[in-house]
Amino acid sequence: MAASTEIKTLPVRKVAWDFTFAFLSLRFWLGVRALFVGIQKYAAYKSVAMPLIDPSTGQPDASGVMVNVSVKSYALANYAGIPVGLRDKFAHDPLFPKFALTLFDRMLGPAFILTGIMLIIGLGTRVSLLVQGLLFIALTVGLVLIDANDGVAYLGIHIGLVAAAFLLAQHNRFAVLNKW
């Protein structure tokens, strides 16, 4: 039997940049969305009395009239994972154990911030997508129980985006840790 002198070439793996950019778009959108949803959990509006500004001069009105202006501020003390109105509805639903509601309330903001940062920098992309998917599912269960169907549809769109990101995850590039 004669030895073959034919050299076999392996097919070169072609990078599908369209899929890569599609995944990057989803990754960054979901990451930025989660990051700012988490940060918003630390926001609160306060009413502050300020002098009325005369629009023609740009100076405080001479009459000394004060108006109440709503000012948004961020602080750790402002944290509310679940908005107060929804928390009250959840508290009256018998299917919500109180300890689970408290635990979910405390971890929701930090979980969104952490998974958002992980997605943006590409650290454990699949893990962060999975955690975000689980958060969206948990939020969906809550909204179903209080009959807030608009929010359920909104979260369904997020689940679809997470699923699309999972389908494109093999094209993940520009990541700190691409393994998970």
Side-chain angles (χ1 to χ4, degrees), residues 23-53 65-166 168-169 172 175-177 180:
F23 180 73
L24 279 176
S25 299
L26 277 174
R27 193 178 102 190
F28 288 139
W29 191 88
L30 287 168
V32 168
R33 170 86 173 110
L35 177 63
F36 283 94
V37 163
I39 290 172
Q40 283 298 107
K41 303 288 182 194
Y42 295 91
Y45 285 95
K46 294 179 183 173
S47 183
V48 177
M50 299 180 82
L52 179 65
I53 303 295
V65 174
M66 301 292 280
V67 293
N68 284 330
V69 177
S70 185
V71 177
K72 189 175 188 179
S73 65
Y74 295 90
L76 291 175
N78 296 339
Y79 180 76
I82 300 172
V84 175
L86 289 177
R87 192 178 327 147
D88 292 343
K89 288 182 180 178
F90 293 145
H92 296 300
D93 194 295
L95 290 178
F96 276 114
K98 289 201 184 303
F99 76 93
L101 186 60
T102 303
L103 180 67
F104 190 71
D105 181 57
R106 289 187 181 155
M107 58 79 83
L108 189 60
F112 270 126
I113 291 172
L114 181 65
T115 59
I117 291 171
M118 288 173 68
L119 273 180
I120 291 169
I121 65 172
L123 179 65
T125 306
R126 287 179 177 88
V127 171
S128 59
L129 284 172
L130 178 64
V131 171
Q132 281 194 16
L134 292 173
L135 288 173
F136 292 139
I137 290 169
L139 290 169
T140 300
V141 169
L143 292 181
V144 166
L145 289 176
I146 62 170
D147 201 25
N149 293 323
D150 292 346
V152 172
Y154 174 74
L155 289 170
I157 292 170
H158 283 72
I159 289 291
L161 292 174
V162 168
F166 268 119
L168 294 170
N172 190 13
V176 172
L177 181 61
W180 297 304

Roughly how far, to the nearest 0.5 Å, is [atom2] of [Y] from [atom1] of [X]?
X: Asn172; Y: Phe23; atom1: CG; atom2: CZ; answer: 4.0 Å
X: Leu26; Y: Leu161; atom1: CG; atom2: CG; answer: 6.0 Å
X: Leu35; Y: Ile120; atom1: CG; atom2: CD1; answer: 5.0 Å
X: Leu139; Y: Phe136; atom1: CG; atom2: CZ; answer: 7.5 Å
X: His158; Y: Leu135; atom1: NE2; atom2: CG; answer: 11.5 Å
X: Leu101; Y: Ile82; atom1: CG; atom2: CD1; answer: 4.5 Å

(request) Test side-chain contact (heavy atoms from CB on, under 4.5 Å) on Val37 and Lys41 and set out the steps. (result) CA-CA 7 Å; Val37 163; Lys41 303 288 182 194; 4.2 Å; yes
Flag side-chain contact, heavy atom, 4.5 Å: [X] against [Y]:
X: Met107; Y: Leu114; result: no
X: Phe90; Y: Asp105; result: no
X: Leu108; Y: Tyr79; result: yes

Which atoms form the tightest heavy-atom contact between [X] and [Y], and what is the distance?
X: Ala165; Y: Leu30; result: CB-CD1, 4.2 Å
X: Ala34; Y: Gly116; result: CB-CA, 3.8 Å
X: Ala43; Y: Lys72; result: CB-CE, 3.7 Å
X: Arg27; Y: Ile121; result: NH2-C, 3.9 Å
X: Gly124; Y: Met118; result: O-CE, 3.9 Å
X: Leu129; Y: Phe166; result: CB-CZ, 3.6 Å

Partner set under side chain to side chain donor-acceptor pair (under 3.5 Å) for [X], not counting sequence neighbours:
X: Ser128; answer: none
X: Asp147; answer: Asn149
X: Tyr154; answer: Arg33

(request) Please test Leu119 against Gln132 for side-chain contact (heavy atoms from CB on, under 4.5 Å), starting from the C-alpha separation and ending with a verdict. (result) CA-CA 10 Å; Leu119 273 180; Gln132 281 194 16; 3.4 Å; yes
Would you say [X] has more than 12 foreign heavy atoms packed within less than 6.0 Å of its [atom1]?
X: Met50; atom1: CE; value: no
X: Tyr45; atom1: OH; value: no
X: Phe36; atom1: CZ; value: no
X: Asn68; atom1: CG; value: yes

(request) Decide side-chain contact (heavy atoms from CB on, under 4.5 Å) for Tyr42 and Ile113; before the verdict, give the C-alpha distance in whole Å, the side-chain angles of both, and the deciding distance to 0.1 Å. (result) CA-CA 11 Å; Tyr42 295 91; Ile113 291 172; 3.7 Å; yes
